[in-house]
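Take a look at the structure below.
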Amino acid sequence: DYLIFCFKTLESHLNNQPLPTLDDHTSFPVFVTWKRKGLLRGCIGTFQSKPLSQQLPYFAIAAATDTRFKPVSKQELVDLECSLSLLTDFEPCGLFDWAVGVHGITIQFQLDRRYSATYLPSVALEQGWNQRQTIDSLLQKAGFQGRLEDIQEIQATRYQSTKDSMSFQDYQRSL
């Protein structure tokens, strides 16, 4: 199971042990998310479709060392939950041509520099946001200080995902 592999990878990393290997050449764009007691501890991924044997070890550790947070520590392991999102069905769309809880959304635009940001399909739903609140939050996440109305041209892409989650306790029971 991919989630078991993510936990094994993080555990090995935190204990300075050799990382496990995964013999799976299935390719997907992927995001790994770590939460502790329901709060985000890290979320990193890619829109590039590459074998999960390459992606999962890298992103399991990258998400646990997400620079927006302090790196996950050994002591936190028992409180962690891992989520794995395999992304599918990417398509350009209008800025509000997507459904909360169904689609993830990526925005890109160019002003003084290039701006981009994404939210996975579950984020807006978990936050209780409507489409406009989600777009406004994406603008901030991208580092843009202005308002949506200040942007002449913005590209949006919607996508879907298959998401599974596992707690550390479930991981331990699986061993």
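- Distance check, rounded to the nearest 0.5 Å: NE2 of His103 to SG of Cys93 gives 8.0 Å.
- Minimum heavy-atom separation, Ser116 to Gln108: CB-CG, 3.7 Å.
- Put simply, Phe90 and Val30 are part of two different groups of oily side chains (I, L, V, M, F, W, Y) that touch within less than 4.5 Å, one to the next.
- Within the 3.5 Å criterion, the main-chain N or O of Phe96 finds a donor-acceptor partner in the side chain of Gln131.
- Exactly one residue among Arg132, Gln140, Gln133 makes a side-chain hydrogen bond (donor to acceptor under 3.5 Å, both in side chains) with Asp136. That residue is Arg132.
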**Message:** Run the side chain to side chain contact (heavy atoms under 4.5 Å, CB included) test on Thr26 and Leu86 for me, step by step, so that the C-alpha distance in whole Å, both residues' side-chain angles and the decisive distance to 0.1 Å come before the verdict.
**Reply:** CA-CA 11 Å; Thr26 308; Leu86 303 178; over 6 Å; no
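- Considering only residues two or more places apart in sequence or on other chains, Tyr2 meets the ring pair (Phe, Tyr, Trp, His ring centres under 6.0 Å) condition with none of them.
- In this structure, Val102 is not a member of the same hydrophobic cluster as Tyr159, with clusters built from ILVMFWY side-chain heavy atoms closer than 4.5 Å.
- Leu40 and Val123 fall into different hydrophobic clusters, defined by Ile, Leu, Val, Met, Phe, Trp and Tyr side-chain heavy atoms under 4.5 Å apart, directly or through other members.
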**Candidate pair Val32 and Cys82, rule side chain to side chain contact (heavy atoms under 4.5 Å, CB included), full reasoning** = CA-CA 7 Å; Val32 175; Cys82 183; 4.0 Å; yes
For residues 55-62, which side-chain N or O atoms pair as donor and acceptor with protein atoms under 3.5 Å away, sequence neighbours left out?
| residue | atom | partner | partner atom | Å |
| --- | --- | --- | --- | --- |
| Gln55 | NE2 | Phe28 | O | 3.0 |
| Gln55 | NE2 | Gln48 | O | 3.0 |

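- Taking OG1 from Thr9 and CG from Leu14, the interatomic distance works out to 11.0 Å, rounded to the nearest 0.5 Å.
- Although no hydrogens or angles enter the test, the distance criterion places a donor-acceptor pair under 3.5 Å between the side chain of Asp150 and the main chain of Arg147.
- Val78 is connected to Leu3 through a chain of hydrophobic side-chain contacts under 4.5 Å among Ile, Leu, Val, Met, Phe, Trp and Tyr, so both are in one cluster.
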**Request:** Any chance you could lay out the side chain to side chain contact (heavy atoms under 4.5 Å, CB included) test for Arg41 and Asp66, step after step, and finish with the verdict?
**Result:** CA-CA 8 Å; Arg41 286 294 282 111; Asp66 186 332; over 6 Å; no
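- Separating the CD atom in Gln172 from the CG atom in Leu77 is a distance of 8.5 Å, to the nearest 0.5 Å.
- Note: Phe31 and Phe47 have tilted aromatic rings, judged against thresholds of 30 and 60 degrees for the angle between ring planes.
- The environment of NZ in Lys141 is crowded: more than 12 heavy-atom neighbours from other residues, nucleotides or ligands sit within 6.0 Å.
- Among all heavy-atom pairs drawn from Leu22 and Ser53, the shortest one is O-CB, 3.0 Å.
- Looking at heavy atoms from C-beta onward, Pro121 lies out of side-chain contact with Lys163 at the 4.5 angstrom threshold.
- Here NZ of Lys8 is found 12.5 Å from CD of Gln17. Values are rounded to the nearest 0.5 Å.
- If you chain together hydrophobic residues whose side chains sit under 4.5 Å apart, Ile107 and Leu120 fall into the same group.
- Looking only at side-chain heavy atoms (C-beta outward), Tyr115 and Ile154 stay at 4.5 Å or farther from each other.
- Closest non-hydrogen pair, Ser174 versus Ile4, comes out as OG-CD1, 3.4 Å.
- Heavy-atom minimum distance, Asp97 versus Arg158: O-NH1, 2.8 Å.
- Under the ring-ring contact (aromatic ring centres under 6.0 Å, His included) criterion, the residue pairs touching residues 6-26 are Phe7-Trp34, Phe7-Phe168, Phe7-Tyr171, with sequence neighbours excluded.
- From Ile135, atom CD1 reaches atom CH2 of Trp98 across 5.5 Å, with rounding to the nearest 0.5 Å.
- By the 4.5 Å heavy-atom criterion applied to side chains, Ile151 and Leu111 are counted as neighbours.
- Summarising the local packing, CG of Asp23 is surrounded by 12 or fewer heavy atoms from other residues, nucleotides or ligands at distances under 6.0 Å.
- No side-chain N or O of Thr134 forms a donor-acceptor pair with one of Tyr119 less than 3.5 Å apart.
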**side chain to side chain contact (heavy atoms under 4.5 Å, CB included) between Phe144 and Leu138, worked out** = CA-CA 9 Å; Phe144 183 62; Leu138 277 172; over 6 Å; no
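- Nearest heavy atom pair, residue Ser27 against residue Pro51, reads OG-N, 3.2 Å.
- Within a 6.0 Å radius of CD in Gln145, no more than 12 heavy atoms belonging to other residues, nucleotides or ligands are found.
- Contact check for Asp164 versus Asp1: no side-chain heavy atoms found under the 4.5 Å cut-off.
- The side-chain contact (heavy atoms from CB on, under 4.5 Å) test with Thr118 singles out one residue from Ile105, Thr106, Leu87, and that residue is Thr106.
- Ion pairing between a basic and an acidic side chain is recognised when a charged N comes within 4.0 Å of a carboxylate O; Lys35 and Glu126 show such pairing.
- Residues Thr88 and Ser161 come closest through the heavy atom pair OG1-N, 4.4 Å.
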